[in-house]
*Asks:* 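Right, I'll just put the structure down here and ask away after.
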Amino acid sequence: MNYIVLDLEWNQAANKKNRYAKILPFEIIEIGAVKLNDGFQIIDTFQEVIRPVVYPKIHHISREVTGFTSADLQQGGHFPEVLKRFLTWCSSSEYRFCTWGPLDLTELQRNMNYYKIPLFPSPLFFYDIQEVFSIINGESANRRSLEYAVEFYEIEKKKDFHRALSDAYYTALIMAAMGAEKILPNDTVDTYQQPAGPDDEIYMRYDTHSRYISRTFPSRHEVMENSEVLSTRCCICDRRLRKKLRWFSDNSKNYYCLAFCKNHGYQSGKIHIKKNDKERYYAIKELTMTDSEGAAALYEKRVDYTKKHRTKRRQKASAAK
DNA sequence: GGAACACCGCCTATTTGTAG
DNA sequence: CTACAAATAGGCGGTGTTCC
């Protein structure tokens, strides 16, 4: 198995109401990648600049970040051809993608879709090294910058940041510093493509949590009526769990619940409902091991909303008098 | 500047529960 | 049954972080 550490640079519309902004918010202008063997040793590199055709003028922020000028980009290749060379380069043997952050494979596929190029086989599993960094440092909600992680592992800053090949290279060195045993159990999946039907839905199990990606539905309401979406299975033994707190909304995009496994204890559930490019809705459900304190926090969260509403109503009522 | 994410709060409409 | 309160659902905006 090879690992393709991928990094993209992209550009966007310089003027606000460009008619392509909806279907292609970001146009890829550089592909950089490092190929690693099983031992996370660098065995090859890939780097090509792409000439933008949708947004030929570089946005001032993209310019500042990457250093590219519009003239530089004119020297680049046409996306479909560069991509073809890239994918040929990738496929010298079986491989998995690795990226810093969750966006690259989504934007890559959005660009492929724009050119009607067949997408990757779905589901597309990959390693989000930025997420792995958060997990192994016990700060799962935090997203650290690449430079932060480079400093954390005391990696020498030999090259500038924010160029595709150098960022891929830094990400590869971070992976080597982390080691395979920390990274390999923590793969994730890109959701630019959602499961087509019930048989394609995605179930992933980890040490202390699990993740499920549903197929799409016409409305968020229908997502939250589906029994598979609502079910809670133990992230360790997969047993169907009884809920201590049934799914409740936090008045935002998330739902929460509390379930209990008689062998593995409390698990907090979270459903995030997302909308895709075609205005269809799907669920990302996560079950995470927790303790009685975590359970208490969820109970707290649950009653907090009703409490707030109550006081709000009282205030409103007294203000009306 | 645009997108994604997490977290927070405010506002409204509808459904559900309860007292008279 | 009505009338009101409570609970629920969902939209929207703001903050602060990352990516480019």
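In what follows, every chain begins at residue 1, and chains take the letters A, B, ... in the order their sequences are listed.
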*Asks:* Quick one: ring pair (Phe, Tyr, Trp, His ring centres under 6.0 Å) pairs with a partner in residues 22-41 of chain A, sequence neighbours left out?
*Replies:*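 The answer is A:Tyr3-A:Phe40, A:Trp10-A:Phe26.
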*Asks:* Kindly give the cluster partners of A:Phe68, where membership spreads through any ILVMFWY side chain lying under 4.5 Å from a current member.
*Replies:*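 Besides A:Phe68, the hydrophobic cluster comprises A:Ile29, A:Val49, A:Ile58, A:Leu73, listed by chain and residue number.
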*Asks:* Considering only nitrogen or oxygen atoms on both sides, find all protein atoms under 3.5 Å from nucleotides 14-18 of chain C and state each distance.
*Replies:*
residue: C:dT18; atom: O3'; partner: A:Gln130; partner atom: NE2; Å: 3.4

*Asks:* Output every pair passing salt bridge (charged side-chain N to carboxylate O under 4.0 Å, His left out) with a member in residues 176-198 of chain A, not counting sequence neighbours, ordered by first then second residue.
*Replies:*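 For residues 176-198 of chain A: A:Arg96-A:Asp187.
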*Asks:* Taking any heavy-atom pair under 4.0 Å as a contact, classify A:Asp128: base, sugar-phosphate, or nothing.
*Replies:*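 Counting heavy atoms under 4.0 Å across all strands, no contact is made by A:Asp128.
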*Asks:* Write out all pairs satisfying salt bridge (charged side-chain N to carboxylate O under 4.0 Å, His left out) with one or both partners inside residues 53-77 of chain A, taking only residues at least two apart or from two chains.
*Replies:*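 For residues 53-77 of chain A, and leaving out neighbouring residues, there are no salt bridge (charged side-chain N to carboxylate O under 4.0 Å, His left out) pairs at all.
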*Asks:* Under the ring pair (Phe, Tyr, Trp, His ring centres under 6.0 Å) rule, what pairs show up with a residue in residues 161-188 of chain A, not counting sequence neighbours?
*Replies:*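 Of all non-adjacent pairs touching residues 161-188 of chain A, those that pass ring pair (Phe, Tyr, Trp, His ring centres under 6.0 Å) are A:Phe161-A:Tyr170.
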*Asks:* Can you pull out every salt bridge (charged side-chain N to carboxylate O under 4.0 Å, His left out) where at least one residue sits in residues 35-49 of chain A? Sequence neighbours excluded, please.
*Replies:*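 Checked against salt bridge (charged side-chain N to carboxylate O under 4.0 Å, His left out) - neighbours excluded - the pairs reaching residues 35-49 of chain A are A:Glu48-A:Arg85.
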*Asks:* Quick test of your reading: applying salt bridge (charged side-chain N to carboxylate O under 4.0 Å, His left out), list the pairs with at least one residue in residues 274-299 of chain A, sequence neighbours left out, ordered by first then second residue.
*Replies:*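 Every pair satisfying salt bridge (charged side-chain N to carboxylate O under 4.0 Å, His left out) with a residue in residues 274-299 of chain A: A:Arg110-A:Asp277, A:Arg211-A:Glu286, A:Lys275-A:Glu279.
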*Asks:* Which ones in residues 47-63 of chain A lie close to DNA chain B, meaning a heavy atom under 4.0 Å from one of its atoms?
*Replies:*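 Of all residues in residues 47-63 of chain A, the ones placing a heavy atom under 4.0 Å from DNA chain B are A:His59, A:Ile61.
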*Asks:* Represent DNA chain B in dot-bracket notation, 5' to 3'. Only Watson-Crick or G-U wobble pairs with both distances under 3.5 Å count; pseudoknot-style crossings use [ ] and interstrand partners use |.
*Replies:* ||||||||||||||||||||
*Asks:* Considering residues at least two apart in sequence or located in another chain, which fulfil the ring-ring contact (aromatic ring centres under 6.0 Å, His included) criterion with A:His209?
*Replies:*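 Scan of A:His209 (ring-ring contact (aromatic ring centres under 6.0 Å, His included), adjacent residues dropped) gives A:Tyr206.
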*Asks:* Taking only distance into account, with no hydrogens and no angle test, what donor-acceptor pairs under 3.5 Å do side-chain atoms of residues 114-125 of chain A form with protein atoms, sequence neighbours excluded?
*Replies:*
none

*Asks:* How many Å lie between CG on A:Asn254 and C1' on C:dG10, as a whole number?
*Replies:*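 From A:Asn254 CG to C:dG10 C1': 13 Å.
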